[in-house]
Amino acid sequence: MPTALITGITGQDGSYLAELLVKKGYEVYGLVRRLSTPNETRIGALVDDLVLLEGDLTDQSSLNVAVQTAKPDEIYNLAAQSFVATSWNQPVLTGDVTGLGVVRILEAVRHFSPTARFYQASSSEMFGTSPEALKNETTPFHPRSPYAVAKVFGHYATINYRESYELYCCNGICFNHESPRRGIEFVTKKISDGVARIACGRANELRLGNLDVRRDWGFAGDYVKAMWLMLQQHYPEEYVIATGVSHSVRDFTALAFAHVGLDWEDYVKIDERFMRPAEVPDLKGDASKAQARLGWAPHTSFEALVHMMVDADVARYGHA
Ligand code: NAP
Ligand code: G4F
C-alpha cells in the first residue's frame with residue numbers, strides 16, 4: 001500500500017486529494033496545525049481513513065517528525081497562507097509559511113525521506129502581470145503580492161532541491177480552482193454564499209471589489225488528479241494546470257444570480273475595502289503540456305462550476 005503525506009489536508013485541495021488517494025488505496029497521513037477550535041469539517045467524512053499528525057510549516061522539528069513517522073512515498077505540500085488579500089496585512093507570516101515553509105519541508109524530505117516524491121503547490125499568481133496572454137511553463141513571473149512573491153520563492157526552492165540533491169520534486173502551477181469547499185473569503189465562494197443568502201431571504205446585498213478582474217476558474221476535484229499524476233512520471237517537472245478560458249468576476253456574479261432567477265445589478269454594491277493595492281487583471285493558462293504528458297484535462301465547465309457552488313450553498317441555507 002503506497003503512503004502519502006499531505007500538508008494542508010484540512011484545506012479545500014487537501015480534502016479532495018485525501019479522498020482521491022484513499023480511493024486509490026493509499027495510506028494517507030495529514031499534517032494538521034494546532035488551533036483553538038479544531039477545523040476538520042472538510043475531512044470529517046474521511047477521518048477514520050486518515051492518520052492526522054500535529055505539525056506546522058513554521059516548525060522544523062514537527063515536519064521532521066511527521067516525515068519520519070509517515071515514511072511517505074509521496075508528499076503533497078498544499079499548506080500555505082493562501083489568501084492573497086491577507087498577504088498585504090501579514091506579509092512576514094506569509095513569507096514564513098508560504099515561502100520558507102517549503103524549504104523546511106524540503107529539508108525534512110532531504111534528511112529523512114530522500115526517495116519520497118514531492119509536489120509543491122505553486123500558483124498562477126506568480127505570473128502576475130507577465131505580458132503573455134496565455135501563460136505556460138516558460139512564461140516569466142511578475143508577482144504582484146507578498147503571497148505571489150512567497151510562492152515564487154517556494155517554486156524555485158523546489159527546483160533547486162531537485163537540481164542540488166536529485167530529489168523527485170515538482171511544481172504544479174495551478175490556476176484558480178474552486179468548489180463548494182472553497183474558503184468563504186475567496187471571491188467565488190463569497191458570491192455563491194451571498195447569492196444563496198439573498199435567495200433565501202437572509203441578506204439583501206453583496207459587497208464586492210473589482211468586477212473587471214478575470215480568472216481562469218476550474219473545479220478543485222479535477223485539479224487534484226493532476227497533482228497525483230505529476231508524481232507518477234519518470235521525471236519530475238513543472239506543469240501548468242488550467243482550463244484555458246478566463247471569465248470576469250462580473251461574469252461569475254451574473255451567472256450565479258441568474259441561476260436563482262435574480263438580476264445581480266439589483267444586489268451587488270462595489271466596496272473599496274475589497275480592492276487590492278496591486279491587482280492581477282487577467283490570468284489564463286495553457287495546460288497543453290499536462291494534457292500531452294499526463295493525459296490530464298479539466299472536466300467541469302465554468303457554468304457547471306458556478307451552478308454546483310450556488311446549489312450547494314442554497315441547499316446549506318435550506319431553500320431558494
Ligand atoms: P486553503 O483551503 O486555504 O488551505 C490551506 C491549508 O494550509 C489549510 O489546511 C491550512 O490549515 C493549512 N495551513 C495554513 N497555515 C499553515 C501552517 N503554518 N502550517 C501548516 N498548515 C497550514 O488552500 P487551497 O485552496 O486548498 O490551496 C492549496 C494550496 O494550493 C495552497 O498552497 C495554495 O496557496 C495553492 N494554490 C491554490 C489555488 C486555488 O485556486 N485553490 C491555486 C494555486 C495554488 P487550517 O485549516 O488549519 O487553516
Ligand atoms: O478569489 P480570490 O481571492 O483569488 P486570487 O486572489 O485569484 O487567489 C486564488 O487563486 C490563486 C491562483 O491564481 C491562488 F494561488 C491563491 O491561493 C487563491 O486560491 O480573488 C480573485 C479576484 C481578485 O482579482 C480579486 O481582486 O477577485 C477579485 N475580487 C473582487 N471582489 C475579490 C472581491 N476577491 C475577494 N476575495 N473578495 C472580493 O470581494
State whether the side chain of [X] and the backbone N or O of [Y] hold a donor-acceptor pair below 3.5 Å, judged by distance alone.
| X | Y | result |
| --- | --- | --- |
| Asp56 | Arg33 | no |
| Asn171 | Ser122 | no |
| Lys190 | Arg207 | yes |
| Lys284 | Ala242 | no |
| Lys189 | Pro180 | yes |

Handout entry: Within 6.0 angstrom of Glu54 CD, more than 12 heavy atoms from elsewhere
Key = no

Exercise for the section: Return yes when atom CD of Gln232 has more than 12 non-hydrogen atoms of other residues, nucleotides or ligands closer than 6.0 Å, and no otherwise. Expected result: yes

Exercise for the section: Decide, yes or no, whether a salt bridge links Arg250 with Asp212 under the criterion of side-chain N to carboxylate O below 4.0 Å. Expected result: yes

Exercise for the section: Determine, for Glu178 against Arg215, whether the closest basic-nitrogen to carboxylate-oxygen distance falls under 4.0 angstrom. Expected result: no

Practice task
List in chain and number order the residues that pass salt bridge (Lys or Arg N to Asp or Glu O under 4.0 Å) with Lys289, two or more places apart in sequence or in another chain; answer none if no residue qualifies.
Solution key: Glu237

At their closest point, which heavy atom of [X] faces which heavy atom of [Y], and how far apart are they?
| X | Y | result |
| --- | --- | --- |
| Ala121 | Leu78 | CB-CD2, 4.0 Å |
| Leu206 | Gly194 | CD1-CA, 4.2 Å |
| Leu53 | Thr69 | CD2-CG2, 4.1 Å |

Handout entry: For Tyr223, the option from Tyr16, Tyr119, Phe175, Trp296 that meets ring pair (Phe, Tyr, Trp, His ring centres under 6.0 Å)
Key = Trp296

Handout entry: Under the ring pair (Phe, Tyr, Trp, His ring centres under 6.0 Å) test, residues paired with Phe274 that sit two or more places apart
Key = none

Problem - Ring geometry between His247 and Phe302 (parallel below 30°, tilted from 30 to 60°, perpendicular above 60°) - result: parallel

Practice task
Kindly state whether the ring of His155 and the ring of Phe141 have centres lying under 6.0 angstrom apart.
Solution key: yes

Exercise for the section: Would you please indicate yes or no on a ring centroid separation below 6.0 angstrom for Phe257 and Tyr267? Expected result: yes

Exercise for the section: Test Arg316 against Asp193 for salt bridge (Lys or Arg N to Asp or Glu O under 4.0 Å), laying out the working first. Expected result: CA-CA 9 Å; Arg316 202 155 55 83; Asp193 179 83; 2.8 Å; yes

Practice task
Could you list the residues that satisfy side chain to side chain contact (heavy atoms under 4.5 Å, CB included) with Lys23, not counting sequence neighbours?
Solution key: none

Practice task
Check the pair Phe83, Phe186 against ring-ring contact (aromatic ring centres under 6.0 Å, His included), reporting the backbone distance first and the verdict last.
Solution key: CA-CA 7 Å; Phe83 188 40; Phe186 298 94; 5.2 Å; yes

